[in-house]
Amino acid sequence: MSKSAPVDKNSHVVLVDGSGYIFRAYHALPPLTRKTDGAPVGAVAGFSNMLFKLLQGQNNDARPTHFAVIFDAGSITFRNDIYDQYKANRPDLPEDLIPQFPWVRDATRAFGSPSIEMEGFEADDLIATYARQAEAKGARVTIISSDKDLMQLVSEKISMLDTMKNKDIGIEQVKEKFGVSPEQVIDVQALAGDSVDNVPGVPGIGVKTAALLLEQYQTLENLLDHAEEIPQKGRREKLMANKEMALISKQLVTLKTDVDVEEALEDFAVSDPDVEELFDFLERMTFRTLTARVRAQMGEGATQGLRKDDDGEPAPVERTAPENITFDKEKYVCVQDVETLKRWVKRGFETGVVAVDLETNSLDSAEAKMVGVCLAVEDNEACYIPLAHLGEDGGGADMFGGDAPKQIPMQEALDILEPLLHAPGVLKVGQNFKYDLGVFQRYDLYPAPYDDTMLISYALGTGLHNHGMDALAEMHFGHKAIAFKEIAGTGKAQKTFDQISLDVATPYAAEDADVTLRLWKFLKPKLAAEQVVTVYETMDRGLPAVVAKMENEGVKVDRAELSRLSGMFAQKMAGLEDEAYEIAGTKFNLGSPKQIGEILFDEMGLEGGKKTKTGAWKTGVDILEKLADDGEALPRIILDWRGFSKLKSTYSDALVKQINDHTGRVHTSFSIAATTTGRLSSSDPNLQNIPIRTEEGRKIRNAFVAETGHVLVAADYSQIELRLLAHVADLTTMKQAFADGVDIHALTASEMFNVPLDEMTPETRRNAKAINFGIIYGISAFGLAKNIGISRTEAGEYIKKYFEKFPGIKAYMEDTKERAREDGYVKTIFGRKCHISGIKDSNQMMRAFAERQAINAPIQGAAADIMRRAMLRMPEVISKVDGARLLLQVHDELVFEVPEKSADDLIAAVKPAMENAAMPAVNISVPLEVEAHAAKNWNDAH
DNA sequence: GTCATCACG
DNA sequence: GACGTACGTGATGACC
């Protein structure tokens, strides 16, 4: 199948570590199953996608000229003759991975690539042999793998590529990892050993120490010869006692570069795959998306395009749209007269389900004007109703007046649509419907009932993918919708939708509605199948209308006060700059971490510098704080400057720019389906991170004010996450403390350190508080130690003590991790599923990270669920208080604006509604408490 | 576009 | 005694 071509300096040889890839794909990718029989095919899918991309040359700057996938054959190799324990502690293969091995080889052949393996050799040895052969002929080599054992091969000509992280591994990256150049990697590995492969190494010597020793002695052999000269007693003795082990280890980690291979390198020249075989394979695996991609790439009947041309130059990537018979854009209709519109409305009443999508002239929903409306009632049966398109751009003052296309007058069209939008018997379906509802609200339309496909997808589970239309259409239908960029252009010259001609606008706009309706048909039934109907109905479904209203309300900020603050911050910064230049003896940019690092550590030569992974000096708060404590003046100045700079650029300057011209208020955008835990997020501007912790920062909060005659009411849940932890982990002592209204951090301190409550020092309480938070975050000794500035050992003891004093916590953590491993997700007490990826990762660090996420998600998620439930009830709750409006949500806090005289009424209504928001779904075994205060500005309302 | 930093819960 | 970590977000300026 593959053909032969000479390998020379113009060649690019790509060698894929097939076996390594399978394991990583298996752990990193969702457990996809085959549609025909439910067989596990996740790793095969990941592998096939990667092959396709690599052969196209998407991951590399140059396409391969020679390409092969190399596998391990069997598990016994010549290394077991050297050391019988080699790879002896490998865990058994996961059951659902085993059947995928032969299919991965099938995939390789289907894509027209050689599949190489040899009894008695690991894939790594074959790769090493071929790579060195190609290098000798002057070719460039890319090894597709992230296996550190292959890093010894890296050279000027040979590099590695980690396709999962899209990360190139060259000489520099190897030096970072091992602290030595590639030639010395085997010596480092021989000393440090490897627990994964069960390479013994020298006990007590790790990579860091090994690199240090080799810096001095160059080679392992030289080091061992001079072992008795090493000054440190421990190292000397270990080295002398383990010479033999070190040498055996070196043999184990050294890859063979002279395997008597059966296939010649030249025979790896890429050639066209057998199209029939390829599609046959893709169909067998039921890979819809990839099939569409391959088809799009190849064009109908064509086999070119996947591979290089004969002249060796990369062929241009063909941009053929996937021919997808299910989407027929020809059938979309542009509605320009009243009679046709009435017929579409009638169709909507007949089908009872209508996808609705608005086109506007701006992404900013507080600003956007309606430009057109789309409806879809059946597959391929969709229309676009233009309402405010401008004429062709032709220059002249009158350019938008004269030649606008024929359109139904806006108000007339909306009057015809209104009965449909408000009909209780017609379900309106949107995708990210919050946006459309926000615009509709400003035209006094309130579509209901409605479904939101983005939220349905979110309720089905978070953490696997985002829930935007492009992702959903691609994932479920293998369909790539027209991108807005394609019709409007990019950058400064980008058109707004009202400037786009109707023949272009119609297919784009109608397609979105068509896709939305199909997504609804596909996803809605899954809610029941996945047992998340209650999640969707009671925590998600109604949010778009509530949040759209909040965004439209906006919040008032005091422009003059913010400007005054900007001036004040600028003055303080200027003063600090002068002081800093004085000390440093030179001018520099205080905003540049790079320059700060160089001045502090290179020029001034201060101790305690650490480097980031990119090799720059670390200059974070913790580092500078430490230097300042040691009596250095400059770090303190930099920290103060940074504080003012942050306040000025991110808040006082930025907020003024965000004041809407028409409303005079600031309108944020809340994302309802963005986070993995169920929280909302806020952006443009982010109003969920307005300063509060420092005195200077709180001045920003002073500038968030109520209208004349009104006040802001801030209502926040007190320690909701800790209360939920006490509930879900069934922590008896803690639950009792909450019931009794005891200071929970003081209680913790008293339990942990045996101090009576009335003798508690603030210091002790603060430490206990940090531990409480740590538990919620999936505590680690290192993290706790860093946070409260104690040793890791001490932190470890605290944690142990905590587990003793609060039995239940340990069980909760273990159970949660177990659930994540078993199911791939964890659930909140309200049933929201949060997928945790990486929980089975072979990398210990990734796994630990996933475990902490698993522990945290049900707690943070339950708090988010409760807040969602509370928000959904707010329209009803505040309707009894005249003029009360919900403005903001900050995770455990709601901010309202209300006429001054009604503030007490509002608090009386809101507080119990929030406190009982978990009911009736879950009866929390600790009381939830809400604190609410009213004031003229947000700062004083706390 | 990515990184480092820092604001919030 | 080697790894390198507290959970969830978004905005900024510097730098490539």
Side-chain angles (χ1 to χ4, degrees), chain A residues 177 188 191-195 201 203-211 234-235 238 462-463 589-597 612-624 638-639 642-643 645-651 653-655 658 668-669 671 674-694 697 700-701 716-717 719-721 770-771 773-788 792 795 799 834 843-861 863-864 867 889-893:
Chain A
K177 179 153 182 72
V188 171
L191 286 166
D194 185 342
S195 58
I205 294 198
V207 171
K208 282 276 159 70
T209 316
R235 284 181 194 170
K238 280 178 202 141
T462 70
N589 184 351
L590 275 92
S592 163
K594 185 164 164 265
Q595 293 179 30
I596 290 174
T612 66
K613 55 181 173 233
T614 54
W617 291 107
K618 275 189 171 170
T619 66
V621 179
D622 43 344
I623 305 265
L624 296 192
I638 294 169
L639 284 172
R642 271 195 193 153
S645 168
K646 179 86 181 177
L647 291 175
K648 182 169 186 291
S649 64
T650 309
Y651 300 106
D653 286 354
L655 282 170
Q658 293 277 358
T668 182
S669 172
S671 298
T675 69
T676 48
T677 55
R679 277 190 176 181
L680 308 195
S681 77
S682 156
S683 62
D684 308 300
N686 183 351
L687 295 185
Q688 289 181 323
N689 71 348
I690 301 302
I692 192 168
R693 292 174 191 171
T694 68
I700 301 282
R701 244 171 222 248
D716 66 282
Y717 285 105
Q719 285 148 344
I720 185 166
E721 292 193 353
I771 301 171
F773 274 108
I775 295 287
I776 293 172
Y777 295 155
I779 201 151
S780 75
F782 184 92
L784 179 64
K786 200 168 108 180
N787 195 293
I788 56 179
R792 209 147 82 239
I799 294 168
C834 309
N843 180 326
Q844 137 84 28
M845 204 178 59
M846 297 282 287
R847 219 167 44 238
F849 181 47
E851 288 173 355
R852 293 194 298 269
Q853 289 177 316
I855 289 166
N856 173 260
I859 301 167
Q860 189 181 118
M867 181 51 105
Q889 186 256 41
V890 193
H891 309 309
D892 64 0
E893 169 186 6

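Per chain, numbering begins at 1; letters A, B, ... match sequence-line order.
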K.L.:
Taking Watson-Crick (N1-N3 plus N6-O4 or O6-N4) and G-U wobble (N1-O2, O6-N3), each under 3.5 Å, can you produce the dot-bracket string of DNA chain C? Use [ ] for crossing pairs and | for inter-strand ones.
P.N.:
......|||||||||.
K.L.:
Using a cut-off of less than 4.0 Å, is there contact between a side-chain N or O of A:Asn589 and OP1 or OP2 of C:dA14?
P.N.:
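For C:dA14, OP1/OP2 do have a side-chain N/O of A:Asn589 under 4.0 Å.
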K.L.:
Taking atom P in both B:dA4 and C:dG4, what distance in whole Å separates the two?
P.N.:
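So the two P atoms sit 14 Å from each other.
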K.L.:
Rounded off to whole Å, could you give me the CZ-to-C1' distance for the A:Arg701 and B:dG9 pair?
P.N.:
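My rounded result for the distance is 10 Å.
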K.L.:
Rounded to the Å, how far apart are A:Gln889 CD and B:dG9 C1'?
P.N.:
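Those two atoms, CD and C1', are 10 Å apart.
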K.L.:
Phosphate oxygens OP1/OP2 of C:dC15: is one of them under 4.0 Å from a side-chain N or O of A:Ser592?
P.N.:
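Yes, within the criterion.
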K.L.:
Nearest 0.5 angstrom please: A:Ile700 CD1 to A:Ile692 CD1, how far?
P.N.:
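Reported to 0.5 Å precision, the distance equals 12.5 Å.
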K.L.:
Take the protein atom NZ of A:Lys648 and the nucleotide atom P of B:dA7, then report the distance between them rounded to whole Å.
P.N.:
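Computing the A:Lys648:NZ to B:dA7:P distance gives 16 Å.
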K.L.:
Enter the distance from A:Gln889:CD to A:Ser681:OG here, rounded to the nearest 0.5 Å.
P.N.:
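Answer for the CD-OG pair, A:Gln889 versus A:Ser681, is 10.0 Å.
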K.L.:
If you compare all heavy atoms of A:Leu647 against all heavy atoms of A:Gly697, which two are closest, and at what distance to 0.1 Å?
P.N.:
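In terms of heavy atoms, the two residues are closest at CD2-CA, 3.8 Å.
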K.L.:
Name the nucleic acid region contacted by A:Arg693, choosing base, sugar-phosphate or nothing; use a 4.0 angstrom heavy-atom cut-off, strictly under.
P.N.:
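Here A:Arg693 touches the bases of the nucleic acid.
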K.L.:
How does each nucleotide of nucleotides 4-9 of chain C score, in 5' to 3' order, for protein heavy atoms under 4.0 Å: base (B), sugar-phosphate only (S), or none (-)?
P.N.:
SBBBBS
K.L.:
Write down the distance between CG (A:Asp622) and P (B:dT5), rounded to a whole number of angstrom.
P.N.:
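Spelled out: CG on A:Asp622 to P on B:dT5 is 9 Å.
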K.L.:
Supply the atom-to-atom distance A:Ile776 CD1 to A:Gln860 CD, rounded to the nearest 0.5 angstrom.
P.N.:
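Rounded to the nearest 0.5 Å, the CD1-CD separation comes to 9.5 Å.
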K.L.:
Run the salt bridge (Lys or Arg N to Asp or Glu O under 4.0 Å) test against A:Lys648 and tell me which residues pass, sequence neighbours left out.
P.N.:
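Partners of A:Lys648 under the salt bridge (Lys or Arg N to Asp or Glu O under 4.0 Å) test: A:Asp653.
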K.L.:
Return the value, rounded to whole Å, for the distance between atom CD1 of A:Ile638 and atom C1' of B:dC6.
P.N.:
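Those two atoms, CD1 and C1', are 15 Å apart.
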K.L.:
Quick one: does any side-chain atom of A:Thr668 pair with a main-chain N or O of A:Asp684 as donor and acceptor, under 3.5 Å?
P.N.:
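Checking the backbone N and O of A:Asp684 against the side chain of A:Thr668, no donor-acceptor pair under 3.5 Å is found.
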K.L.:
Would you classify A:Ala654 as touching base, sugar-phosphate or nothing, given that sugar-phosphate means primed atoms plus P, OP1 and OP2, and contacts are heavy atoms under 4.0 Å?
P.N.:
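Sugar-phosphate contact only.
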K.L.:
Whole angstroms only, please: what is the CD-C1' distance between A:Glu893 and B:dA7?
P.N.:
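It is 15 Å, rounded to the nearest whole Å.
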K.L.:
Applying a 4.0 Å non-hydrogen cut-off, can you work out what A:Ile692 is touching in the nucleic acid: base, sugar-phosphate, or nothing?
P.N.:
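Result for A:Ile692 = sugar-phosphate.
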K.L.:
Taking the same atom, P, in B:dC3 and in C:dT5, what whole-Å distance lies between them?
P.N.:
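My reading of the P atoms in B:dC3 and C:dT5 gives 14 Å.
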K.L.:
Do the side chain of A:Lys594 and the base of C:dC15 come within less than 3.5 angstrom through a donor-acceptor pair of N or O atoms?
P.N.:
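By the distance-only test, no, there is no pair.
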K.L.:
Figure out the NZ/P separation between A:Lys646 and C:dA14, and round it to whole Å.
P.N.:
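From A:Lys646 NZ to C:dA14 P: 13 Å.
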K.L.:
Has the side chain of A:Arg792 got a donor or acceptor atom that lies under 3.5 Å from a matching backbone atom of A:Ala785?
P.N.:
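Checking the backbone N and O of A:Ala785 against the side chain of A:Arg792, no donor-acceptor pair under 3.5 Å is found.
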K.L.:
Taking 4.0 Å as the cut-off, does a side-chain nitrogen or oxygen of A:Ser645 come that near to OP1 or OP2 on C:dG13?
P.N.:
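Answer no for this pair, as no side-chain N or O of A:Ser645 is under 4.0 Å from OP1 or OP2.
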K.L.:
Tell me whether A:Thr650 contacts the main-chain N or O of A:Lys646 through its side chain, where contact means a donor paired with an acceptor under 3.5 Å.
P.N.:
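Yes; judged by distance alone, with no hydrogens or angles, the pair exists.
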K.L.:
Atom OH of A:Tyr651 and atom C1' of B:dA7: how far apart are they, to the nearest Å?
P.N.:
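Computing the A:Tyr651:OH to B:dA7:C1' distance gives 3 Å.
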K.L.:
Just by distance, do the side chain of A:Thr677 and the backbone of A:Ala857 share a donor-acceptor pair under 3.5 Å?
P.N.:
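No: the side chain of A:Thr677 does not pair with the backbone of A:Ala857.
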K.L.:
Is the backbone of A:Asn686 close enough, under 3.5 Å, to the side chain of A:Ser683 for a donor and an acceptor to pair up by distance?
P.N.:
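Checking the backbone N and O of A:Asn686 against the side chain of A:Ser683, no donor-acceptor pair under 3.5 Å is found.
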